[in-house]
Amino acid sequence: MTTRRWHVSNGRGTAARVVFGVTALFALIEAIFILLNLFGANAANGFYMFVRSLAEPLALFFPGLFATGSFPIDVLLNYGLAAVFWLVVGSIIARIIA
């Protein structure tokens, strides 16, 4: 006969998952913006403008950090660094909370 134990989550574990989920969403928005730029999306498109309006404030101080002279590489470096930043910060905060 097997005994089943139900896993009960405490509030701190849930808060840690929410924090990491939000910061992972921020990183996903940055990644979508990078992909749209690398594949040459139409800048006048409504979806592109919506993603750009979300990605630019989330990039914080990273845009303009690297200036290589090539726009696709600049976007990849600057916004990619912002995405990695959000994942690292989210992971650190989640570990502190949990």
In Å and rounded to the nearest 0.5 Å, what is the [atom1] to [atom2] distance from [X] to [Y]?
X	Y	atom1	atom2	answer
N42	M49	CG	CE	9.0 Å
N78	E30	CG	CD	10.5 Å
L65	L60	CG	CG	11.5 Å
N37	R52	CG	CZ	9.0 Å
L58	L28	CG	CG	11.0 Å

So which heavy atom on [X] is nearest to which on [Y], and how close?
X	Y	answer
V19	A94	CG1-N, 4.5 Å
A83	A27	O-CB, 3.5 Å
Y79	A55	CE2-O, 3.9 Å

Test item: D74 side-chain N/O and T68 main-chain N/O as donor-acceptor pair under 3.5 Å: yes
Do side-chain atoms of S91 reach the backbone of V88 as a donor and acceptor pair under 3.5 angstrom? no
Any [X] side-chain heavy atom under 4.5 Å of [Y] side chain:
X	Y	value
L81	L77	no
F26	L87	no
T23	F20	yes

Check whether V18 and I92 end up in the same hydrophobic cluster, where Ile, Leu, Val, Met, Phe, Trp and Tyr are linked by side-chain heavy atoms less than 4.5 Å apart. no
Out of curiosity, does L35 fall in the hydrophobic cluster containing L76 (side-chain heavy atoms, cut-off under 4.5 Å, transitive links)? no
Before giving the answer on side chain to side chain contact (heavy atoms under 4.5 Å, CB included), spell out for F33 and I29 the whole-Å C-alpha distance, their side-chain angles and the decisive distance to 0.1 Å. CA-CA 6 Å; F33 182 68; I29 291 169; 5.7 Å; no
Sort and list the pairs that fulfil ring pair (Phe, Tyr, Trp, His ring centres under 6.0 Å) and have at least one residue in residues 56-75, not counting sequence neighbours.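 Applying ring pair (Phe, Tyr, Trp, His ring centres under 6.0 Å) to every pair that reaches into residues 56-75, excluding sequence neighbours, yields F62-F85.
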